S.K.: 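Structure in structure tokens, see below.
Remember, predicted model here, so these are calculated numbers, not experimental data. For the numbers below, each heavy atom of this structure counts, side chains included, while hydrogens, waters and symmetry mates do not.
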2 protein chains.
Amino acid sequence: MATLCGVDIARPRKPTLDTVAGVVGVSRATVSNAYNRPDQLSTALRERILAAALELGYSGPDPVARSLATRSSAAVGFMLGQPLTAAFSDPAVSVVLDGLASTVDGRDHCLVLMPGNETGGPRPETVARAQADVFVAYSLPDDAPALAAVRARGLPMVVVDQPVLAGAARVEVDDTGGARSAAEHLLLLGHRHFGVLTFALRPGGRTGPVDERRRAEASFRVTRDRLAGYLDVLADAGITDVPVWEASGSRRELGRAGTRWLLERDPRPTALLCASDELAFGALRAVRDAGLSTPDDVSVTGFDDVPDAKHADPPLTTVRQPLAEKGRRAGELALRLLDGESPGGPIRVPVELVLRASTRPPR
Amino acid sequence: MATLCGVDIARPRKPTLDTVAGVVGVSRATVSNAYNRPDQLSTALRERILAAALELGYSGPDPVARSLATRSSAAVGFMLGQPLTAAFSDPAVSVVLDGLASTVDGRDHCLVLMPGNETGGPRPETVARAQADVFVAYSLPDDAPALAAVRARGLPMVVVDQPVLAGAARVEVDDTGGARSAAEHLLLLGHRHFGVLTFALRPGGRTGPVDERRRAEASFRVTRDRLAGYLDVLADAGITDVPVWEASGSRRELGRAGTRWLLERDPRPTALLCASDELAFGALRAVRDAGLSTPDDVSVTGFDDVPDAKHADPPLTTVRQPLAEKGRRAGELALRLLDGESPGGPIRVPVELVLRASTRPPR
DNA sequence: GGACGGATCTGAAGCGCTTCAGTCATGCTG
DNA sequence: CAGCATGACTGAAGCGCTTCAGATCCGTCC
């Protein structure tokens, strides 16, 4: 009786707002209000509507249609500079992402994940079709096509760590400063023979020694800055020709391999500066493999202070950055942009050298 | 001139299909075709349209509107049983996710990530509002509210590992069998004193010894099956009262702590069965901490065969499961469901015991 | 008692796009 | 040259929802 005229046979079809409205005998607007603005109708009616919906198997307004009508998809896109495996092998990524995810989820926003490929970011097509109304870029190379794609869509963006991009909100870390402090620490301890272990300077995953030219081509800002921090401090102290090994990713196994090479240099380094804790874990292992001891024979520093760092053997001296906070900040920034507020200046999170047992003066 | 009548002043407004159509002087349908069906119009016109679009700053059809019109959001939702940090501390999750992501990205589908919370899955509200047209559930507890939410929306779902759910496509692994083979291996070597290290039996993250009652309450199927595999084989051999430690997550640090407890049991176990490689890594470390040796004093087995397992010290005997393949299969299944094909029976991926140096007969 | 305010509910105009049944030339066939 | 297939393009009907300016009704206040 209270049903709409003809369209009644179509059983298997999914119910919509209209279906429910028809059955209850109210207008579509009222059903919508039942879900979105409970104060706009009487409790009694609202309950009747919800009951009817339940019975009809209507599970609430369709998210896509709702997004179209409200012009907001309630999702934030997360673009990554690497494939997922590479990214998540390093807690430095997953902890940040976790902070971000819980922040945006608190506001009923979803996270659209866009992993990178060999070229160092998601495909622009992926970005163009992603249903998100703000994007977060994490560790993309400066020239990633994905960035242009976001820009073309005219959507706001927050960048964490890099790249530095005009008009985008930003949360950043003083990578250079952190790296400098690690190098200075080792210098102060009296070390003169160094080795540096870094992760990828550019997308594509090369593994091998880094020369001046390769260094100049670096397109990952984080890598560039940490490396520069290490080498500049050493150069200022008159130490040049420092061997540098580039691992294609931030994984302990790759750090271990690189360290093998570094330990074969002559003179053998007494101190290893690593661009991440994961690499440093590999370095610790390689030192042990070589029948040497950390810190007696070789001091090792990391970067990030991931949870495992303090439990390493020996506990790792490293540069701490507040990973979870970075993620949260990025999330908050993204939500602010969604609210149309201005991004404000870049948010800087602090770094701090954490001294543990993996460093000591050379013998 | 070729512009539409009045609506011309609104500069800052984002261009739409109509804008472009108006400027070029063609119908909206034609512009749409220019993007989606190049064969439906002449190349010349298509290029004119694309050029005009570029000039106007139109970056292609709006994904949300397009989704509404096509009734397909081109996204797959990924629901996780744990928060991101917990999930990604274990490569067993990130490798699967990577396989899934690359599979669906190949079809221009996005990945909507829905991490779990303390209750063991994403919030149902999150699921209800997620713009995805197929969901994959990974390691959710059997009673997760998120599952009901998917069902309420009437969307197809693929389940990997668990829970077992009627009507859902599934890719599964013989966890019980894998666990059994590890236990049998140790038994065959002559071990009689065991310890078991497992990750969470239920959402919420408890840490401590597991008794019969706790075991009965287990809601994570994977955990349940592996544990059962270990204990059943031992029980069949007449070995009962095996101490079991539950870690709240699959992290090496937690494995290390649990192993400390296990090693204090009397009689001290000569073999440790771990529910994951990450836990096993912690066990190796704890054995060393205790001044003991693996495998001389204590044998250790893991589960998963993550990339680090073969580089552990000593290399880890473990049950291999093809993680990347699991992810890919799940992705393929999801895409098939999207195409309206039937899921077919569950896909089983093989497990296999990989013998390495962390196990040997007891002294 | 008439004006007013509040609480409820409705109509209709979009949101930006896809798609399908056509329309209209145009060229080809026999 | 009639008849037809083909290619190029258009009109209009949705997709399922939100939202806002009313419409209606009723209790109230002076």
Side-chain angles (χ1 to χ4, degrees), chain A residues 2 4 6-7 10 13-49 52-53 56-74 128-129 131 133 153-155, chain B residues 2 4 6-7 10 13-49 53 56-74 128-131 133 153-155:
Chain A
L4 291 172
V7 206
R13 185 170 191 142
K14 264 177 102 172
T16 71
L17 256 197
D18 275 317
T19 323
V20 179
V23 168
V24 179
V26 296
S27 82
R28 190 197 339 212
T30 303
V31 180
S32 172
N33 283 334
Y35 284 94
N36 302 315
R37 311 183 165 187
D39 56 306
Q40 294 293 299
L41 34 51
S42 62
T43 332
L45 179 54
R46 172 152 194 266
E47 276 165 8
R48 253 175 66 216
I49 291 176
L56 290 168
Y58 177 74
S59 60
D62 177 273
V64 174
R66 151 188 269 262
S67 288
L68 181 58
T70 58
R71 291 169 220 55
S72 135
S73 60
R129 303 178 86 109
Q131 301 187 13
D133 21 43
R153 286 186 61 179
L155 292 175
Chain B
L4 291 172
V7 204
R13 181 164 195 150
K14 263 175 103 171
T16 72
L17 257 195
D18 275 318
T19 323
V20 179
V23 168
V24 179
V26 295
S27 83
R28 193 201 332 214
T30 303
V31 179
S32 173
N33 283 334
Y35 284 94
N36 302 314
R37 314 180 163 190
D39 56 306
Q40 295 293 300
L41 35 51
S42 61
T43 332
L45 179 55
R46 173 151 194 265
E47 275 165 8
R48 253 174 68 216
I49 291 176
L56 289 169
Y58 177 73
S59 61
D62 179 271
V64 174
R66 148 189 271 261
S67 288
L68 181 59
T70 59
R71 290 168 221 54
S72 136
S73 60
R129 302 177 87 109
Q131 302 188 10
D133 23 40
R153 287 185 60 179
L155 292 175

S.K.: Of A/Asp39 and A/Ala29, whose closest DNA chain C nucleotide lies nearer the 5' terminus?
M.R.: A/Asp39

S.K.: Of A/Val24, A/Asn33, A/Val23, which meets side chain to side chain contact (heavy atoms under 4.5 Å, CB included) against A/Ile49?
M.R.: A/Val24

S.K.: How long is the line joining CD1 of B/Ile49 and P of D/dA8, in whole Å?
M.R.: 13 Å

S.K.: Give the angle between the helix axes at the two ends of the helix from C/dG1-D/dC30 to C/dG30-D/dC1, taking five base pairs at each end and rounding to 10°.
M.R.: 40°

S.K.: Nearest-Å distance, CG (B/Leu17) to P (D/dG11)?
M.R.: 15 Å

S.K.: Using a 4.0 Å heavy-atom cut-off, does A/Tyr58 contact any base of the nucleic acid, only the sugar-phosphate backbone, or nothing at all?
M.R.: sugar-phosphate

S.K.: Rounded at 0.5 Å granularity, tell me how far NZ in A/Lys14 sits from CG in B/Leu155.
M.R.: 4.5 Å

S.K.: Just so I know, are the side chains of B/Thr16 and B/Asp62 near enough to count as touching, which here means a heavy-atom distance under 4.5 Å?
M.R.: no

S.K.: Using a heavy-atom cut-off of 4.0 Å across all strands, would you classify A/Thr30 as base, sugar-phosphate, or nothing?
M.R.: base

S.K.: Taking salt bridge (Lys or Arg N to Asp or Glu O under 4.0 Å) as the definition, give me every residue that meets it alongside B/Arg48, ordered by chain and number, with sequence neighbours left out.
M.R.: none

S.K.: Assign each of B/Arg28 and A/Ala69 to its nearest nucleotide of DNA chain D by heavy atoms, then name whichever residue's nucleotide is nearer the 5' end.
M.R.: B/Arg28

S.K.: Rounded at 0.5 Å granularity, tell me how far CG in B/Asp18 sits from OG in B/Ser32.
M.R.: 11.0 Å

S.K.: Is A/Asn36 close to A/Arg66 at the side-chain level, that is, under 4.5 Å between some pair of heavy atoms?
M.R.: yes

S.K.: Could you give the distance from CZ (B/Arg46) to OG1 (B/Thr30), rounded to the nearest 0.5 Å?
M.R.: 13.0 Å

S.K.: Is the backbone of A/Ala21 close enough, under 3.5 Å, to the side chain of A/Arg28 for a donor and an acceptor to pair up by distance?
M.R.: no

S.K.: Categorize B/Val64 for me: base, sugar-phosphate, or nothing, with a 4.0 angstrom heavy-atom threshold over every strand shown.
M.R.: nothing

S.K.: Over all strands shown, is A/Ser42 touching base, sugar-phosphate only, or nothing at heavy-atom distances under 4.0 angstrom?
M.R.: sugar-phosphate

S.K.: Side chain of B/Ser67, backbone of B/Pro63: donor and acceptor closer than 3.5 Å?
M.R.: yes

S.K.: Extract, from 5' to 3' on DNA chain C, the first and final nucleotides lying under 4.0 angstrom from some heavy atom of chain B.
M.R.: C/dC15 to C/dT19

S.K.: Across the strands shown, which category fits A/Arg46 at heavy-atom distances under 4.0 angstrom: base, sugar-phosphate, nothing?
M.R.: nothing

S.K.: Check every strand shown and say whether B/Leu41 touches a base, only sugar-phosphate, or nothing at a heavy-atom separation below 4.0 Å.
M.R.: sugar-phosphate

